[in-house]
2 protein chains.
Amino acid sequence: MVSGKSDQELKELSLRTGNACVGFNLRRTTRLLQRLYDEAFEPLGLKGTQFSLLMAVAGNKGATIGELAQPLGMERSTLSRNITVMQKKGLVIVEEGKDRRQQKISITGQGLSVLQDALSLWERVQERLIRELGEERIKNLLADLQSLSQWIKET
Amino acid sequence: MVSGKSDQELKELSLRTGNACVGFNLRRTTRLLQRLYDEAFEPLGLKGTQFSLLMAVAGNKGATIGELAQPLGMERSTLSRNITVMQKKGLVIVEEGKDRRQQKISITGQGLSVLQDALSLWERVQERLIRELGEERIKNLLADLQSLSQWIKET
DNA sequence: CCATAATATAAGTATATACACATATTAACT
DNA sequence: AGTTAATATGTGTATATACTTATATTATGG
């Protein structure tokens with residue numbers, strides 16, 4: 001029973017649950033880390049999310065919204081809106097396919113140029129993270145995150 | 001140089017960077033996992049984020065926005081808006097403190113009742129995660145996330 | 001070939017998030 | 001005490017996110 005607990009007992013329950021909850025810890029760390037990336041890419045007027053998306057577009061020339069959304073683990077409607085932002089910035093271009101329902105996304109010349117600069121900023125962040133946590137823990141962390149993603153997709 | 005690369009080379013670079021990027025992997029897993037929690041809490045009209053916030057409020061009776069934001073690793077302005085949502089749902093109550101700049105947040109009776117039900121739904125998700133990844137990996141994952149959060153806060 | 005089903009995307013609505021700035025209140029210094 | 005500093009929160013603006021619903025296009029079954 002939650003409602004019968006004293007303030008002190010609630011405090012302990014709250015701490016215990018917060019420490020154990022994978023969702024809470026993932027969200028909190030993601031929030032905090034996102035700020036590091038955003039700071040790093042700020043000179044390019046880019047957010048961390050946009051860097052990832054630009055990289056995904058670059059590596060999947062002419063892919064549709066649906067094809068991109070899959071590996072990103074993102075709703076197509078979300079991706080659609082994110083692509084619009086990138087398009088306004090001139091980083092990607094959207095073209096109709098033969099199947100006129102589909103929108104084929106590609107990176108622009110300007111997008112490639114920004115990506116080039118962003119990549120070296122990304123490397124600096126990556127190196128800081130490796131220096132801080134160590135290569136082994138980063139590797140394990142990435143593997144765990146990927147296992148988790150894979151499992152959820154299959155569920 | 002990014003701009004001189006072939007489509008195939010860009011594809012490889014994109015895959016390699018995506019696999020190595022802590023930010024991307026954290027965001028993707030968080031997105032996917034969030035849906036599991038949202039499904040679980042859906043019968044209560046609650047989101048995963050709101051469960052975490054409700055639990056934090058319950059464990060810190062009368063805390064201010066600023067005091068809550070700190071351990072949540074959240075901007076105070078963000079928390080302020082999230083609290084408004086919870087207030088509209090009748091789950092928390094906001095009162096002026098002696099220092100009238102401050103807003104003291106507490107959980108309501110209805111909030112406690114919802115929290116009670118939410119807690120058992122949360123436990124089911126937690127058990128599924130432990131069954132899937134194993135207790136050891138979950139423990140390591142949580143420890144890594146907490147180290148990372150701690151470091152970023154100190155940076 | 002036409003009606004219907006399936007598919008791809010966008011738009012409506014709501015929450016989560018952060019930064020910059022505005023506002024109100026308290027503290028601190030002279 | 002009065003002016004200025006610092007502090008706590010809320011608002012404006014923009015992006016990220018997802019669910020539901022609408023729209024347009026293609027495929028399918030008769």
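Sequence lines set the chain letters: A, B, ... in the order given, protein chains first and strands last, and positions in each chain run from 1.
Residue order along DNA chain C, read from the 5' end via each residue's closest nucleotide, puts G66(A) first among G66(A) and M86(B). A residue-by-residue look at K88(A) and E96(A) shows that K88(A) has its nearest nucleotide of DNA chain D further toward the 5' end. Along DNA chain D, the nucleotide nearest to R100(A) and the one nearest to M74(A) differ in position, and the one closer to the 5' end is contacted by M74(A).
You'll find that the side chain of D99(A) is closest to dT26(D), out of dA8(D), dT26(D), dT15(C). Taking only side-chain atoms of I65(B), from C-beta outward, the nucleotide of dT9(D), dA24(D), dT15(D) with the closest atom is dT9(D). Taking only side-chain atoms of R81(B), from C-beta outward, the nucleotide of dT17(C), dT13(C), dA8(C) with the closest atom is dT17(C). Set against dA16(D), dT11(D), dT15(C), the side chain of V85(B) has dT15(C) as its closest nucleotide. Each of dA8(C), dT17(C), dT9(D) was ranked by its minimum atom distance to the side chain of Q102(A); first place goes to dA8(C). When each of dA18(C), dA10(C), dT17(C) is scored by its nearest atom to the side-chain atoms of E75(B), the top-ranked nucleotide is dA18(C).
Phosphate contact (OP1/OP2 of dT9(C), side-chain N/O of T64(A), threshold under 4.0 Å): present. When the side-chain nitrogen and oxygen atoms of N82(B) are compared with OP1 and OP2 of dT17(C), one or more of them lie within a distance under 4.0 Å. In this model, the phosphate group of dT9(C) is not approached by any side-chain N or O of R76(A) to a distance below 4.0 Å at OP1 or OP2. Using a 4.0 Å cut-off, some side-chain N or O of T49(A) falls inside it from OP1 or OP2 of dA16(D). In terms of phosphate contacts, S77(B) brings no side-chain nitrogen or oxygen within less than 4.0 Å of OP1 or OP2 of dA18(C). Within the structure, a side-chain polar atom (N or O) of S80(B) is placed less than 4.0 Å from OP1 or OP2 of dG10(D). An OP1 or OP2 oxygen of dT17(C) is reached within less than 4.0 angstrom by a side-chain nitrogen or oxygen of R31(A).
Regarding the sugar-base torsion, dA6(D) falls in the anti class, its angle being beyond 90° of 0.
Separating the CG atom of L79(B) from the P atom of dC19(C) is a distance of 14 Å, rounded to the nearest angstrom. Atom pair E39(B):CD and dT17(D):C1' shows a separation of 16 Å (rounding to whole Å applied). Note: CD1 (I83(B)) to P (dT15(C)) measures 14 Å, nearest angstrom. Note: CD (E67(B)) to C1' (dT7(D)) measures 13 Å, nearest angstrom. In this entry the distance linking CZ of F24(A) with C1' of dA16(C) reads 14 Å, nearest Å. Rounded to whole Å, the distance from NZ on K89(B) to P on dA14(C) is 12 Å. Rounded to an integer number of Å, the gap from CG of L32(B) to P of dA16(D) is 17 Å. Atom CG in D38(B) sits about 14 Å away from atom C1' in dA16(D), given to the nearest Å.
Nearest heavy-atom pair across F24(A) and G18(A) is CD2-O, 3.3 Å.
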Run N60(A) and E67(A) through side chain to side chain donor-acceptor pair (under 3.5 Å) and show every step you take. CA-CA 9 Å; N60(A) 295 275; E67(A) 287 162 352; over 6 Å; no
Take Q150(A) and Q146(A) through the test side chain to side chain donor-acceptor pair (under 3.5 Å) and record every step on the way to the result. CA-CA 6 Å; Q150(A) 195 53 42; Q146(A) 283 159 19; over 6 Å; no
Decide yes or no on side chain to side chain donor-acceptor pair (under 3.5 Å) for T49(A) and R27(B), but give the supporting numbers first. CA-CA 8 Å; T49(A) 48; R27(B) 279 198 311 277; 5.5 Å; no
Distance-only donor-acceptor hits, side chain of residues 68-95 of chain A, under 3.5 Å, sequence neighbours excluded:
{"from": "T84(A)", "atom 1": "OG1", "to": "S80(A)", "atom 2": "O", "distance (Å)": "3.0"}
{"from": "K89(A)", "atom 1": "NZ", "to": "G45(A)", "atom 2": "O", "distance (Å)": "3.1"}

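Base pairing analysis places dC1(C) opposite dG30(D); the two distances defining the Watson-Crick or G-U wobble pair are each below 3.5 Å. For dA5(D), there is no paired nucleotide, since no Watson-Crick or G-U wobble pair has both relevant distances below 3.5 Å.
Within 4.0 Å of Q34(B), counting heavy atoms only, lies no atom of the nucleic acid at all. Nucleic acid contact class of K98(B) (heavy atoms, under 4.0 Å, all strands): sugar-phosphate only.
At a cut-off of 3.5 Å, with distance as the only test, no side-chain donor of N140(B) or R137(B) sits close to an acceptor on the other residue.
No path of Ile, Leu, Val, Met, Phe, Trp and Tyr side chains, each step under 4.5 Å between heavy atoms, connects L119(B) with L15(A), placing them in separate hydrophobic clusters.
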